[in-house]
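Proteins come first, then strands; the chains are lettered A, B, ... in the order of their sequence lines, and each starts at number 1.
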Amino acid sequence: MSLLANLNPPQLAAVTLEPRHALVLAGAGSGKTRVLTTRMAWLIQTGRATPHSLLAVTFTNKAAREMLTRMSAMLPINTRGMWIGTFHGLCNRLLRAHHRDAGLPQTFQILDTADQLASIKRMLKAANVDDEKYPPKQLQQFINGNKEAGLRAGDVEAHDAFTRRMVELYDLYDTQCQREGVADFSELLLRSYELLARNAPIREHYQRRFRHILVDEFQDTNTLQYRWLKLLAGGGAAVFAVGDDDQSIYAFRGANVGNMAEFEHEFAHGAVIKLEQNYRSHGHILDTANALIQNNGTRLGKNLWTDQGHGEPIRVYEAGSDNQEAHFIMEEIRSLIGEGRLRSDIAILYRSNAQSRVVEHALFSAGVPYKVYGGLRFFERQEIKHALAYLRLMENPHDDTAWMRVANFPVRGIGARTLEQQADLARELNGSLYSAVARVPGRGGSALVRFSMLIDQMRFDTQGMQLHEVVEHVIEASGLVTHYQGEREGAERVENLRELVNAAAAFASEAGHMRDPDRQDGVIEGSTVGINDADQGLPDPEDEAGALVPDLAQDIPSPLAGFLSHAALEAGDNQASAGQDAVQLMTVHAAKGLEFDAVFITGLEEGLFPHENSILEQSGLEEERRLMYVAITRARQRLYMSFSQTRMLHGQTRYHMRSRFLAEMPDEALKWLTPKAGRAADVGSAWATSAWRDDGKSAPEQVGTTWHNRSREQGYFGSSQGYSSSRNGPVGVEVGGTMFKVGQSVAHARFGEGVILALTGSGTDAQVQVRFADVGTKTLALAMAKLTAL
DNA sequence: GAGCAACGTGTTTTT
DNA sequence: CACGTTGCTC
């Protein structure tokens, strides 16, 4: 069977496992997605399942799309109408189909994170709560955290006054959302969980329907998602969970790795298949990853191997400054490109976004095209959110979040005072802002009336228009385009608004083929008759001509409502320009799931990676280690790791020790491009054996990882020249008229007095290794550090 | 109601 | 440093 060709034994075992609960521990680069999609295809092809009876859940739209694409390549079936999508997408679909049972209006709007925060702030203001004592962001975390744990306000235990108040505010917020007919992201999950839990006919219907539930990235599930799956599987479905506990890097946002062990106990009962053969990386890279991750105490246990040979060692570089680190990376990338490598096969990874700037600067100056991932995404841009707010108001004028956003944007004489009055009146009426418009007195009141008429007028004028025409009309009639045209830097915003029209057209053409949405899976909303229809196993014509999930538009009444859902659930790509071959810059988190020929992992410093906020707790440190594991396993052939003695952070120069993770990697897999210095005590012996390496196993003491420095210490790239060097580096280097030599005593403004142990490089790259009396051995950029000869 | 200066606050991110 | 938010003034 061609479907199963070229699968290795464990892969084959996983794909062809007879339907039952199973846990697949899939290491990085072990063919996880392939196994998942081939399994689905195999189930269908062998008649063990119908497309209709499969449910596949992912975390990102991208992963869902990937799964669909691969599926359709394997089987000549129409994947449209299949329930393949993200947790949120599928919950949205469920809630639209059963909106009445779920207690939501059919056109409920989805609040993204920013909308939610705005909504919380509005609630706090209305309730007259001191937002210094109850910070909106903290409340947001509190609410989402509890929702993700499956807890409504009434379920939260509060043992102190503060928490009790937070619970009250949580409740108030939910009341407000309910009144406005909106749902935040975690609400989508909790609400659909509650729907299934409380409504037996609906639950049993879906339990009967879905015989096979497949879950991707299982290590990223949170408590509620786990319970949601458990509920759906309660009718005897076989759950096939694929994940990698070593790649669990989202605990900070509620993911519970423990779900994997829990699943093994509760469901799989020992049916665990490990995929350990890695098809991506060379041996040294895998050895390094394996050695590192073994320092974590809580693991299910798994070791990657490859038959591709050791390959190149990992190149380790210590820089004197972040600029120098960036410069080094840039030079290496130039030579990689010179060797004929594609820029897009090269990635630069960092722990936090702020680190990208220096690297960008170096690449930009050198004229190396690059692309930064992360940052603002299309549907999150201010101008886009404004336009969407108008569209939302046309759909539902009671959407207070949208109302607050654009009532006075562009400026139309509705000030904060007026809006406050309106909010007070609305609260008295226990209604929406819109419902209070007529009662606001004075000039502000008439401005509000004019605004609500504008919305009505837009709704009227766009009747019968196509979706993209509606959007086009709205960005003009709202005054947004005119407003941004008048702004100094508004040209890009106007372009984005035009792009929104295109996005609407594209959405409509993709969603265009669908009709009669509510009958999609044989369920007519609010009616058990429809459920019974489906239970009789009637052929469902819509499955053949259904929609491309995860767009999920088929359960949504109007094209506009569908588009708004789409905008909230799929925030879109963050890169405006595609196409050009460019070096890829992103955080390690963003790199998960990707792979590159050559990878640079930067900023391997205590306090940065591992991040200082994570070091104190064991669990935090282990997550950082998994993050490092993810970073390493992105590389196919070549891997660089770099760190820097000094780094500008938050406007201050900071001094970091090199990351403890470096000491956890096997010496034989690493090649130090700069001398590997140990702590002061180790250097003597290292010097004596003339090998610039200590054994690395005795990590430097990690007491106080960071020094802050008030007066910024700035060196300068003065004229510095290197002198004749043997393979041991130059004998002496001159900087600004002073000649530095090995063995010489020097003084440093910060580190005190010391002795030069070695010199490397020349020119602006010249580095000096100094053993200081007090702070141990440091490698400094000669051009940067102000050293005085003694 | 708009504009500007002072202040403070800085992980990781998808939906 | 670079951003957003707040608070003050015209």
Stacking here means centres under 5.5 Å and planes under 30°; does His589(A) stack on dT12(B)?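 His589(A) ring does not meet the centre or angle cut-off for dT12(B); no stack.
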With a 4.0 Å cut-off on heavy atoms, is [X] in touch with a base, just the backbone sugar-phosphate, or nothing at all?
{"X": "Glu623(A)", "value": "nothing"}
{"X": "Arg351(A)", "value": "base"}
{"X": "Phe59(A)", "value": "sugar-phosphate"}
{"X": "Leu188(A)", "value": "nothing"}
{"X": "Thr113(A)", "value": "base"}
{"X": "Ala568(A)", "value": "nothing"}
{"X": "Asn353(A)", "value": "sugar-phosphate"}

Taking the six-membered ring for Trp and the full ring for Phe, Tyr or His, determine whether the centres of His656(A) and Phe643(A) are under 6.0 Å apart.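 Distance test on ring centres: not under 6.0 Å, no.
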Near-ring test Phe108(A)/His99(A), centroid separation under 6.0 angstrom: no
Charged N to carboxylate O below 4.0 Å: is that the case for Glu605(A) and Arg351(A)? no
Roughly, in whole Å, what's the span from CD in Gln140(A) to C1' in dT13(B)?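 My rounded result for the distance is 13 Å.
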Can a side chain N or O of Arg377(A) be found less than 4.0 Å away from OP1 or OP2 on dT14(B)? yes
For dT14(B), take OP1 and OP2 only and decide whether either is under 4.0 Å from a side-chain N or O of Asn61(A).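 Looking at the OP1 and OP2 atoms of dT14(B), neither is under 4.0 Å from any side-chain N or O of Asn61(A).
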Hydrogens and angles aside, do Thr221(A) and Asn259(A) bring a side-chain donor and acceptor to less than 3.5 Å of each other? yes
